[in-house]
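Okay, so here's the structure we're looking at.
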Amino acid sequence: FGTSSIVFTGGSGGGQLVVADHADFQYANIGAFTWEAWFYPTGSGDEILTVKRSAEIADNLRIHTHPSNGMGWLISSNGSSWDIVLKQDSWPDSDGHANYNAWNHTAVCWDGSLYSFYLNGVRIHTVSSSTAPRNNGTNMYIGAGQGGGSAFQNTSYMDDIRVSKV
């Protein structure tokens with residue numbers, strides 16, 4: 001980390017980072033990728049770290065955390081269901097729960113045949129799939145749901161957010 005981070009205060013006008021759609025974020029085009037970030041959750045509800053969709057439908061990629069239910073990683077290739085991964089709210093142990101009021105690191109890695117999901121350096125879930133998230137032409141939202149209008153406003157800090165081609 002450096003000496004600063006992004007702060008999201010939640011609620012109406014709580015802010016979000018909007019990354020305009022670009023070919024670099026069309027995962028089906030770039031092939032193997034990693035999405036990763038440091039986050040420091042402070043809220044008491046479901047908080048979206050990132051989403052790349054335009055409405056409350058299953059589309060592309062969504063990552064969120066909840067203090068009781070754990071991390072959620074949802075990935076869609078078809079724009080209508082979370083057909084690749086729907087891993088949320090059912091972790092068998094504490095490995096899937098972020099530490100609230102502390103820094104955490106999460107990553108999603110796809111090598112073209114296997115999705116791996118990490119929290120604080122521990123791989124806690126894998127899914128075999130040669131299908132990439134759907135290209136959908138929408139912005140990537142960080143710190144809130146699509147358009148900032150989702151009920152899942154983030155009240156946390158985030159740092160070192162990165163999408164990279166592997």
Side-chain angles (χ1 to χ4, degrees), residues 8 16-39 41 45-66 68-98 104-154 156 158-166:
F8 300 103
Q16 67 192 15
L17 177 62
V18 180
V19 181
D21 182 51
H22 189 275
D24 289 345
F25 304 116
Q26 297 295 343
Y27 303 115
N29 294 346
I30 65 172
F33 70 91
T34 296
W35 187 102
E36 65 179 315
W38 285 92
F39 65 103
D46 201 0
E47 299 185 18
I48 293 179
L49 302 179
T50 189
V51 66
K52 192 172 186 311
R53 62 185 184 177
S54 60
E56 286 292 333
I57 58 169
D59 199 4
N60 196 275
L61 172 68
R62 174 183 168 179
I63 303 171
H64 69 269
T65 186
H66 188 281
S68 299
N69 300 328
M71 293 294 297
W73 290 279
L74 296 81
I75 302 175
S76 173
S77 69
N78 60 26
S80 62
S81 68
W82 300 112
D83 61 318
I84 299 174
V85 175
L86 173 53
K87 186 64 177 163
Q88 65 177 355
D89 306 341
S90 59
W91 297 106
D93 54 44
S94 62
D95 287 346
H97 289 267
N104 298 266
H105 182 265
T106 189
V108 175
C109 305
W110 182 59
D111 65 7
S113 63
L114 182 72
Y115 286 91
S116 297
F117 304 90
Y118 296 86
L119 180 62
N120 296 323
V122 176
R123 185 170 70 176
I124 58 175
H125 189 62
T126 61
V127 172
S128 295
S129 177
S130 60
T131 305
R134 185 176 93 93
N135 288 346
N136 63 7
T138 63
N139 295 332
M140 179 187 309
Y141 296 92
I142 298 171
Q146 60 282 352
S150 173
F152 307 121
Q153 293 287 330
N154 193 328
S156 71
M158 292 183 73
D159 198 13
D160 296 337
I161 303 159
R162 182 173 70 169
V163 176
S164 55
K165 183 175 179 173
V166 178

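The main-chain N or O of Tyr141 is never found under 3.5 Å from a side-chain atom of Asn139 such that the two would form a donor-acceptor pair. For the pair Asp83 (side chain) and Ser77 (backbone), a donor-acceptor distance under 3.5 Å is present. Between the side chain of Asp159 and the main chain of Trp38, no donor-acceptor pair closer than 3.5 Å is present. No donor-acceptor distance shorter than 3.5 angstrom exists from the side chain of Ser130 to the backbone of Ser113, with no hydrogens or angles considered. In this structure, the side chain of Ser76 engages the main chain of Asn78 through a donor-acceptor pair within 3.5 Å.
Here Ile124 contributes atom CD1 and His97 contributes atom NE2; the two are 9.0 Å apart, rounded to the nearest 0.5 Å. Note that the CG atom of Leu119 and the OG1 atom of Thr106 stand 5.5 Å from one another [nearest 0.5 Å]. Taken to the nearest 0.5 Å, the CZ atom of Arg62 stands 6.0 Å off from the CG atom of Leu74. Separating the CD atom in Glu36 from the CD1 atom in Ile63 is a distance of 10.5 Å, to the nearest 0.5 Å. Here the OG1-CE distance, from Thr65 to Met71, works out to 5.0 Å after rounding to the nearest 0.5 Å. To the nearest 0.5 Å, the span separating OH on Tyr27 from CG on Asn136 amounts to 9.5 Å.
Taking the six-membered ring where tryptophan is involved, the planes of Phe33 and Trp110 are tilted, since the angle between them lies from 30° to 60°.
Listed here is the closest heavy atom pair of Thr131 and Ile84: O-CD1, 3.3 Å.
Checking Asp59, Asp21, Asn60 one by one against Lys52, the side-chain hydrogen bond (donor to acceptor under 3.5 Å, both in side chains) holds for a single residue, Asp21.
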